[in-house]
Amino acid sequence: MPSSLMIGDDGGGTAILLNLADRCIYEVGMGAMDAESMELSADFLDEFLAIGTCLTE
């Protein structure tokens, strides 16, 4: 994922990524790190932090 920066994980195989192209926060399984598997978590880092950094269910 060359346009993404991993900023955390849930300790169970899900990575939290900051996409440097669109500045959105995504979640993706570490075993399937490709653009098709990324789930939008928040539009901005501030929004992600405001919701308590909960990973989507």
Side-chain angles (χ1 to χ4, degrees):
M1 310 279 318
S3 66
S4 297
L5 175 67
M6 185 173 157
I7 59 172
D9 68 78
D10 70 351
T14 299
I16 303 167
L17 305 176
L18 169 62
N19 185 309
L20 301 174
D22 64 10
R23 305 286 182 173
C24 292
I25 306 296
Y26 292 89
E27 298 169 31
V28 65
M30 289 188 211
M33 282 189 141
D34 58 30
E36 293 79 31
S37 300
M38 292 173 52
E39 268 188 62
L40 180 65
S41 185
D43 291 322
F44 303 99
L45 181 58
D46 292 344
E47 177 185 347
F48 182 71
L49 295 173
I51 62 174
T53 65
C54 297
L55 295 174
T56 57
E57 299 284 324

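Along the sequence shown, residues carry numbers from 1.
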Checklist line | Residue pairs involving residues 42-52 (criterion side-chain hydrogen bond (donor to acceptor under 3.5 Å, both in side chains); sequence neighbours excluded) | finding: none

Notebook entry, point to check: Which atoms form the tightest heavy-atom contact between Leu18 and Ile25, and what is the distance?
Noted result: CD1-CD1, 3.8 Å

Which donor-acceptor pairs under 3.5 Å do side chains of residues 30-37 form with protein atoms, sequence neighbours excluded?
unit_1, atom_1, unit_2, atom_2, d
Asp34, OD1, Glu36, N, 3.4
Asp34, OD1, Ser37, N, 2.9
Asp34, OD1, Ser37, OG, 2.6
Ser37, OG, Ala32, O, 3.4

Next item on the list: Taking side chain to side chain contact (heavy atoms under 4.5 Å, CB included) as the test, write out the residues that go with Asn19, two or more places apart.
Entry: Ser3, Ser4, Ala21, Asp22, Tyr26, Met38

Check: When you check the side-chain N and O atoms of Thr14 and Glu27, is any donor under 3.5 Å from an acceptor?
Finding: no

Margin query: Between Asp9 and Gly12 (side chain of the first, backbone of the second, donor and acceptor by atom type, cut-off under 3.5 Å), is there such a pair?
Written below: no

Note to self: Grouping I, L, V, M, F, W and Y whenever their side-chain heavy atoms are under 4.5 Å apart, do Leu5 and Phe48 come out in a common cluster?
What the structure shows: yes

Margin query: For residues Leu45 and Leu20: do they belong to one hydrophobic cluster (side chain heavy atoms under 4.5 Å, members Ile, Leu, Val, Met, Phe, Trp, Tyr)?
Written below: yes

